Amino acid sequence: PVGKDGDGFEPLKAVYELSGNQEHCRMLAEKHNKAVWAHRNDTHPEPEWRNTCWFYDTTDNFDGYVDDTEDSVHTMGCADASKDVHTGCQ
């Protein structure tokens, strides 16, 4: 996963070390100064990706998350819980 122009994705650790829930992902993003977190839930088709996080360093090139009613696996949020991912965490 990358930003719109291929920028912004930098894993913090190996995926298996980031297993957890959405709040765990948000807290890791906040701790490591990442702008946006994302989570794959336990229904991901690839077992090794279940309940894992990934992060975006910046909100540059991030226009906001658009809900996808077809996607019941992935969620995203802002490291700063007071901001809205739908507006690009601004």
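Computed from a prediction, not measured in an experiment: that's the story for all the values here.
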Residue list, side chain to side chain donor-acceptor pair (under 3.5 Å) with S82, at least two apart or on another chain: D80
Hey, are the side chains of W37 and L28 touching, using non-hydrogen atoms and a 4.5 Å cut-off? no
Show the nearest heavy-atom pair for residues N41 and S72, with the distance to one decimal. ND2-O, 2.7 Å
Measuring from T43:OG1 to D71:CG, what's the distance to the nearest 0.5 Å? 8.5 Å
Does G88 offer a backbone N or O that forms a donor-acceptor pair with the side chain of Q90 under 3.5 Å? yes
Salt bridge (Lys or Arg N to Asp or Glu O under 4.0 Å) between R50 and D42, intermediate numbers included: CA-CA 5 Å; R50 292 178 184 160; D42 61 353; over 6 Å; no
Less than 4.5 Å apart, any side-chain heavy atom of M76 and any of Y56? yes
Rounded distance (nearest 0.5 Å) linking atom NZ of K34 with atom CG of D57: 3.5 Å
Might you point out which heavy atoms bring A29 and A79 nearest each other, and give the distance in Å? CB-CB, 3.8 Å
Test item: N51 and H24 side chains (from C-beta on) under 4.5 Å apart, heavy atoms: no
Roughly how far apart are T75 OG1 and R26 CZ, rounded to 0.5 Å? 13.0 Å
Side chain to side chain donor-acceptor pair (under 3.5 Å) partners of D84, counting only residues at least two apart: H86
Side chains of W54 and R40 in contact at under 4.5 Å (non-hydrogen atoms): yes
Do the ring planes of H44 and W49 sit parallel (below 30°), tilted (30 to 60°) or perpendicular (above 60°)? tilted
To the nearest 0.5 Å, atom NE2 of H39 lies from atom CD of E23 at 11.5 Å
